[in-house]
Amino acid sequence: MKFWAERQVKSRTKDTNSNYFAKWCFGLGINLKRIEVIEDDEAEIIEAVRRMSERGGIGPTHDDITYKSIAKAFGLPLVLHQEAYTLMKKLSRPHPKQPNFNWDEDSPALRARLRMVELPTDAGRPLAEQFIFPSPELWVPIAVVNGNVHILPGVPRLFESLIDGLTPSIVPRLTDPEGKGSIRVMISTPLPESAVAEYLTELAARVEPKGVKVGSYPRWGKKHNTVTLVGRDKAFLERITPEVVHYVKGHLIKSDADEEHGEAGEGQA
């Protein structure tokens, strides 16, 4: 699961993180159940973080209200993380509009920076399990609360760097520790959904025990639709794909760009 407290609610920010995160999960074979967008409101964050942490794991963006609200949700204090603060001072560049900023002098600017490294901290858990520094080039850690709530920054460049760096610590916890991920087979068909619905319903029931999900997606305004097969057993997917191609009178497509245009992949007709 993933949980988002962002400016997307007010349409001020275009969300690219959800798409990146979904692809990251797919590549590791993680079954992403939900992406939830909520307003930066303390009560909303507390309700969502408690509800969703009971069902799995979540990863909200970090800012003043998020840290504060998640700490409150789990009854934790906000504590200055000294390592993050030291890295902040080392790696942060001076802001051109704050030429007189001094790390050793109390000021509104310094207090604002300190709030960014005052993190929900559980005295009963090792600090190394609560704060992960995936990138040596970033001072901001991934704060892990309750063992399954991962707090990340919302800036796409930072989010993507931290998510990628988190992979080594996530892989050992996967059902498939090798992290082979899921496989998606895409088939373009000229037939309308109504013409393939009965067959795909029967197929879905037949392949479900093998962990394969069958999807059908209309391409509005196009002369084709897309049928997908998603699973982890590559050999099984390769066995059933010719049957599906035959029954939907379609052809394999290799990429998202091919899907958009309904073009056959290399070697396919």
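One is the number of the first residue; the rest follow in order along the sequence. None of the values given here were measured: they were computed from a predicted structure.
- Taking Ala235 as the reference, Asp233, Arg239 meet the side-chain contact (heavy atoms from CB on, under 4.5 Å) condition, with sequence neighbours excluded.
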Exercise. Should Ile45 and Ile70 be marked as a side chain to side chain contact (heavy atoms under 4.5 Å, CB included) after you check the CA-CA gap, both sets of side-chain angles, and the distance that decides it?
Worked result: CA-CA 7 Å; Ile45 294 173; Ile70 292 178; 4.2 Å; yes
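- Geometrically, Arg113 does not engage Tyr85 in a cation-pi contact, judged by NZ or CZ lying under 6.0 Å from the ring centre and within 45° of the ring axis.
- A chain of hydrophobic side-chain contacts below 4.5 Å, direct or via other Ile, Leu, Val, Met, Phe, Trp or Tyr residues, connects Ile163 to Leu158.
- For the salt bridge (Lys or Arg N to Asp or Glu O under 4.0 Å) condition, the pairs that include at least one residue of residues 125-136, sequence neighbours left out, are Asp122-Arg125.
- Residue Val79 is not grouped with residue Ile142 when hydrophobic side chains (ILVMFWY) are merged at heavy-atom distances under 4.5 angstrom, including chains of intermediate members.
- Listed by first then second residue, pairs satisfying salt bridge (Lys or Arg N to Asp or Glu O under 4.0 Å) with a partner in residues 77-91 number zero, not counting sequence neighbours.
- Nearest heavy-atom pair, Pro136 versus Leu91, reported as atom, atom and distance to 0.1 Å: O-CD1, 3.9 Å.
- Listed by first and then second residue, the salt bridge (Lys or Arg N to Asp or Glu O under 4.0 Å) pairs that reach into residues 92-105 come to none, sequence neighbours excluded.
- More than 12 heavy atoms of other shown residues, nucleotides or ligands fall within 6.0 angstrom of atom CZ in Arg111.
- Take Glu160 and apply the side-chain contact (heavy atoms from CB on, under 4.5 Å) test, not counting sequence neighbours, and it matches Tyr20, Pro156.
- Within 6.0 Å of atom OH in Tyr247, 12 or fewer heavy atoms from other residues, nucleotides or ligands are found, so the atom counts as exposed in its surroundings.
- Remark: Glu47 engages Arg51 in a salt bridge (charged side-chain N to carboxylate O under 4.0 Å, His left out) (not counting sequence neighbours).
- Contact check for Val230 versus Val212: no side-chain heavy atoms found under the 4.5 Å cut-off.
- Each of Leu119, Thr121, Val117 was scored for a side chain to side chain contact (heavy atoms under 4.5 Å, CB included) with Leu80, with one residue passing: Val117.
- Val214 pairs by the side-chain contact (heavy atoms from CB on, under 4.5 Å) definition with Leu200, Leu203, Ala204, Val207, Leu229, not counting sequence neighbours.
- Judged as a salt bridge (Lys or Arg N to Asp or Glu O under 4.0 Å), not a single pair has a partner in residues 133-145 (not counting sequence neighbours).
- Judged by the 6.0 Å distance and 45° axis criteria, Arg184 is positioned over the aromatic ring of Phe26.
- A distance of 4.0 Å separates OG of Ser18 from CD1 of Ile35, quoted to the nearest 0.5 Å.
- Looking at residues two or more places apart in sequence or on another chain, you find a side-chain hydrogen bond (donor to acceptor under 3.5 Å, both in side chains) between Thr167 and Trp24.
- Atom NZ of Lys72 and atom CD of Glu42 lie 4.0 Å apart (nearest 0.5 Å).
- Ile151 is not connected to Ile46 by any chain of hydrophobic side-chain contacts under 4.5 Å among Ile, Leu, Val, Met, Phe, Trp and Tyr, and they are in different clusters.
- Residues satisfying the side-chain contact (heavy atoms from CB on, under 4.5 Å) test with Thr86, not counting sequence neighbours, are Gln82.
- Considering CG of Leu162 and CZ of Arg157, their distance stands at 9.5 Å, rounded to 0.5 Å.
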For this session: Applying side chain to side chain contact (heavy atoms under 4.5 Å, CB included), run through Thr201 and Glu198 and close with a yes or a no.
Result: CA-CA 5 Å; Thr201 299; Glu198 184 175 353; 5.8 Å; no
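- Here Lys68 contributes atom NZ and Glu118 contributes atom CD; the two are 12.0 Å apart, rounded to the nearest 0.5 Å.
- A distance of 4.5 Å separates OG of Ser161 from CG of Leu138, quoted to the nearest 0.5 Å.
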For this session: Please step through side chain to side chain contact (heavy atoms under 4.5 Å, CB included) for the pair Phe21 and Leu32, ending with a clear verdict.
Result: CA-CA 9 Å; Phe21 184 77; Leu32 178 62; 3.7 Å; yes
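- Shown here for Pro153 and Val140, the closest heavy-atom pair between the two residues is CG-CG1, 4.4 Å.
- Aromatic pair His224/Tyr217: centroids not less than 6.0 angstrom apart.
- Here Ser216 pairs with Glu193 under the side-chain hydrogen bond (donor to acceptor under 3.5 Å, both in side chains) rule; sequence neighbours left out.
- Contact of the Pro120 side chain with the Tyr67 side chain is registered, since non-hydrogen atoms from C-beta on lie closer than 4.5 Å.
- Interatomic distance, Leu152 CG to Leu166 CG, rounded to the nearest 0.5 Å: 7.0 Å.
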For this session: Would you sort out whether Phe101 and Leu110 count as a side chain to side chain contact (heavy atoms under 4.5 Å, CB included), showing the intermediate values?
Result: CA-CA 8 Å; Phe101 175 78; Leu110 177 60; 3.9 Å; yes
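- Under the rule for a salt bridge (charged side-chain N to carboxylate O under 4.0 Å, His left out), the partners of Arg206 that lie at least two apart in sequence or sit in another chain are Glu202, Glu243.
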